[in-house]
Structures are given as structure tokens and as C-alpha cells.
Amino acid sequence: MAVPTEPATRAELPAGAGAVVLPEPCLLVIFGASGDLTRRKLVPSLFTLHRENLLAGGFAVLGVSRTPYDDSTFRSMLEEVARRELGPAFDPASWTEFADRLFYHPGDILDSDGFPSLRDRVRSLCEERRIPGNLLFYLSLAPKHYAPAVRGIAASGLSAPGEAMPGFRRVVIEKPFGNDLADARALSGDVSAVFPEERVFRIDHYLGKETVQNLLVFRFANGIFEPLWNRNYIDHVQITMAEDIGVGTRGESYDGAGAARDMLQNHLLQLLALVGMEPPISLSADDVRDEKLKLLRSVEPVSPEGAGEACVRGQYTAGKIRGEAVPSYREEKNVPPGSLTETYVAARFTIDNWRWAGVPFYLRSGKRLGSRVSEVAIQFRPAPYRLFEETACGPMESNLLVLNLQPDEGIYLRFGAKSPGPAICVRPVQLRFSYEQAFGSKSPPAYGRLLLDAMLGDATLFPREDIVEVSWTLLDPFLARWRENPGRDLYFYPAGSFGPREADTLLSKEGRAWRAP
Ligand code: BG6
């Protein structure tokens, strides 16, 4: 069989080649396969790809973890979860077909002697399924195990292609990539000793969401928004990721991280980069990521003295979500009763460049908030001459553009319109676009798109090492401040509210207010 070459990325396809590129057959080896992520996200997303005929015929999954499943118990366990996750979209006949792609191998990649039985299993599966040696490793493990797992892959002789098994070797790593800047650098060093950067795919699942991918399309495929997308017209930007769920079964790992590491360092800063960056010169992975990097490097670093002014943290106490009583964070399973970990974070950043000087970007995310919504809100400046200011209906509101990322995927623009009648009365009205109405379906799962891209070797939607590091640089002043005094800037908010009142001050001291979600 011919040795496969690296497949083309979407950006390298000749014009008119169409958007759908099928990946080469590969074996996806998931370490930590008995965990929640595999069951709830990875396998249901792969199942969706299978049903859409986006997987190569030989594609297979090899789940690896210490739990003593065999192929059959692994398949049944996954089927049960997929049925639950997909609800009415679960199709038993397609599942039976898909289940033939799922295999399991018990054992521990962290074993210091390597994992020879894994190598044998991988080889035999590749032969059986005619996979030309392409291996995609997925580290669905606790972050402290990333570096040992990568060393384990190398020790097992699986990290580099050879004569017996040619093909590509890539590794997908779940966030968080490190715990702070120093830790992220050390991890990069360990990973790059085995996998060079072009073979490392760091997952930030927000980047796989259709509505997030649409940010660049909205900005750069349309002629009318970009001329307004700057300090001359925009007063400020608010980026919100509000969740109504708590920490669920993740108490232990979440408590070691907190909202700043869990959401701000990655998802929120990635959105900030997409909203603020300049147009890339092409859609190639590096051209897009170079622009994101440039933007993040232009974010004004917060000084240690200014850190307290620029960030507020919170932790939820008991409360009610949609009328139902929910416990406080400290009462959640595996959370220490005196925990000082934040479940809410809000921060203010400014970008020191020609386009954005003086425009604040306010970012916030929290758990157990009153509703679930992720959005980017662009607040425009008021009209320069306020001809209608004193009309019968009182003060006017400025234009607002909201890119709703989830759950009501869509975009709306608020503007003033004359309300019918003899008096001049300006009322805010909305122009709305809904993905579901326009395209007739809900967006596909983010993980599916990202797994497909990793199989194709397209890294556009994966944060590069330098981007991850600059994001940590932006967080480090806050982390240092909280390390010094772990209770600092931490305020309590009842579940079901919209975060601590102190977070309102971040905006109110500048004459602004958070949008009511
Ligand atoms: C993950 C965080 O990255 O994103 C979770 O670790 C959070 O804490 C989740 O719940 C939110 O993702 P989504 O897609 O449900 O908004």
C-alpha cells in the first residue's frame, strides 16, 4: 500500500474544489477513554460524522484506559450514553454500523516502561482496517498526565512513523494547557520533545462552534460592517459566556482551576482575538493564527498594581435556577467546604493598537447564572448629533449588534425607528437573523468539526503554542495576585443571579453597564 502523504488543508484546496474534504483512514487512540469527555462529547460527535459520511471507511477508535472493558462492554457503555445525549436523533441502525469502528484496549499509558501491548494492538488494528499507519492520539486525561502520556507514547514506539507503520502521527490535547505561563512553557517543552508543533492540536472547543467560526465570515465576507469596526464607531465590547449549570461531577478538577483558567484564558480570549484581529492575508492556518497572535500581543498587559481594578471573581452560594433550589459551590461533590475557587470571573482589557485604542473589552463567564447564553455584544457610540434626543419617548439607545453564539444562534442589530403616530417618538427595534431559520437546522457539534480537522491536519481552529503562551501572560498578573492572597477579589453571588454586584462596578465606574442577558 502506498505511503499516504499529508492531506491538503481546506485552505490549500484549489478554488472550486468544494468545502468537503474526506480525511485519510486513521486510528484515533483516545487515552482516558472511560471518562466523561469521551462518552458525552467525542463519541457522539464521531457518530454524527459517521452518519454524515465524513469518516473514511477504515477509520476506527481505540479507547484506552485502566478500566477493564473489552470491545463489547466499551461499545455498550458508549451506546447508552449516545442514546441519552442524542435523544430522538439517535438512529439504532447507524449506531450498529458505527459501533464496528469502536475498539478498546485496557492499560496505562503512564506506565514508565511504555505500553508494548498497545503497540501490538495498534498494529493489528491498522492491518485489519487497512489504515495506512495514520495515528491520531487524543489526551482526554487530567492535565498533570499530559507530559507523562506523551513520553509514554514515545516509549511505546508509536510516536514516529517507521517502515512497519508509516503515516502521520498527531496528538490532540484538551485544555487547560498548563496552569500558568511557566507551567504552560514546561508542558510545551515536554510535548515538543516528541511531537513538533505542526503535529500538536490543542483543542478549544469554542473554536469549532459554527457561530464562532462565523465571526470572521461576518466581519470579512461583508463589506458594510468592517468600516465601522473600530474606535471611531464602537464604544465598547462585551463578551459573555454564562452557564446555568454548576460544576456537576467535576468538582475536584474544577476546584484546582477556577473560572479564570477554565474559561477566560482560553474561550473568552479566543473570542476577543476573533472580534479584534485584523483580516488575515489568507485562510491558511498560520495566516489566521498570526493575526490572532498579533491581536493578543496588543492587549495591554495589566500591571500587578492594576490587577485588582481590572478583574472581579465570584463564587456561587445556594439559590434557585428556574425555580429549582440548587446547592452552593462549596456543597458540590468533591469541593472543599472552605474553597476559595472562583466560579465567576469578569475582566476588563484594552487593546493598544490603531483600531482599538481606548475601547474597553469587558469579558465575563460564570456558572449557575440565571440563564445560559454566550454572546458578543458590540455597543456602538451614539449618533454624533442627537436631533431626536428630547422626543416624546425619552432618551434614545445607541446601536447595538449582538452575535448570539448559543443557545439562540443568531445575530441582531438594534436601531431606532419612528414609532407610528402623530408625535415624533423613537423606539429601539431589532433586525434579526436566526441560523435555524436561515439554514434549517441546528449547528453540528463543535467537537466533530475539530476532530475532522485534526484528521485532515488542518490546524486553523487550534490555538498555537505562542497564542496559548500570550494568553497566559495576560492572566498571570491576576493569578499572581490571587496566589498571594487566595480570597482576594472573590465575592459571593446567589445561584440564579447574574454574578456578584462588584462585577457591575467594573463597568459602572466608567458609566457603562452589563447587558441584561
Ligand atoms: C469547557 C469548560 O471548556 O466549556 C466547562 O471546561 C464549561 O466548565 C464548558 O462548562 C462550556 O462549554 P459549552 O459549549 O457548553 O458552552
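Counting convention: from 1, in listed order, for ligands and their atoms alike.
- Screening residues 468-493 for salt bridge (charged side-chain N to carboxylate O under 4.0 Å, His left out), with sequence neighbours left out, gives Asp180-Arg483, Arg185-Glu469, Arg481-Asp489, Glu484-Arg488.
- Applying the salt bridge (charged side-chain N to carboxylate O under 4.0 Å, His left out) test to every pair with at least one member in residues 34-47, sequence neighbours left out, gives these pairs: Asp36-Arg40, Arg40-Glu85.
- Under the 4.5 Å side-chain criterion, counting only non-hydrogen atoms from C-beta, Glu197 is not in contact with Ser192.
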Would you tabulate the polar-atom pairs, meaning N/O of ligand 1 against N/O of the protein, with distances under 3.5 Å, reported to 0.1 Å?
| from | atom 1 | to | atom 2 | distance (Å) |
| --- | --- | --- | --- | --- |
| ligand 1 | 3 (O) | Lys175 | NZ | 2.8 |
| ligand 1 | 3 (O) | His267 | NE2 | 2.7 |
| ligand 1 | 6 (O) | Lys175 | NZ | 2.9 |
| ligand 1 | 6 (O) | Arg250 | NH2 | 3.3 |
| ligand 1 | 6 (O) | Asp262 | OD1 | 2.6 |
| ligand 1 | 6 (O) | Asp262 | OD2 | 3.3 |
| ligand 1 | 8 (O) | Arg250 | NH1 | 2.7 |
| ligand 1 | 8 (O) | Asp262 | OD2 | 2.6 |
| ligand 1 | 8 (O) | Lys367 | NZ | 2.8 |
| ligand 1 | 10 (O) | Glu243 | OE1 | 3.3 |
| ligand 1 | 10 (O) | Glu243 | OE2 | 2.5 |
| ligand 1 | 10 (O) | Lys367 | NZ | 3.1 |
| ligand 1 | 12 (O) | His205 | NE2 | 3.1 |
| ligand 1 | 14 (O) | His205 | NE2 | 2.8 |
| ligand 1 | 14 (O) | Lys209 | NZ | 2.6 |
| ligand 1 | 16 (O) | Tyr206 | OH | 2.6 |
| ligand 1 | 16 (O) | Gln406 | NE2 | 2.7 |

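- Atom CD of Gln430 has more than 12 heavy atoms from other residues, nucleotides or ligands within 6.0 Å.
- Of the possible donor and acceptor atoms, one in the side chain of Gln238 sits under 3.5 Å from a partner among the backbone N and O of Arg515.
- A search for side-chain hydrogen bond (donor to acceptor under 3.5 Å, both in side chains) contacts involving Tyr491 returns nothing, not counting sequence neighbours.
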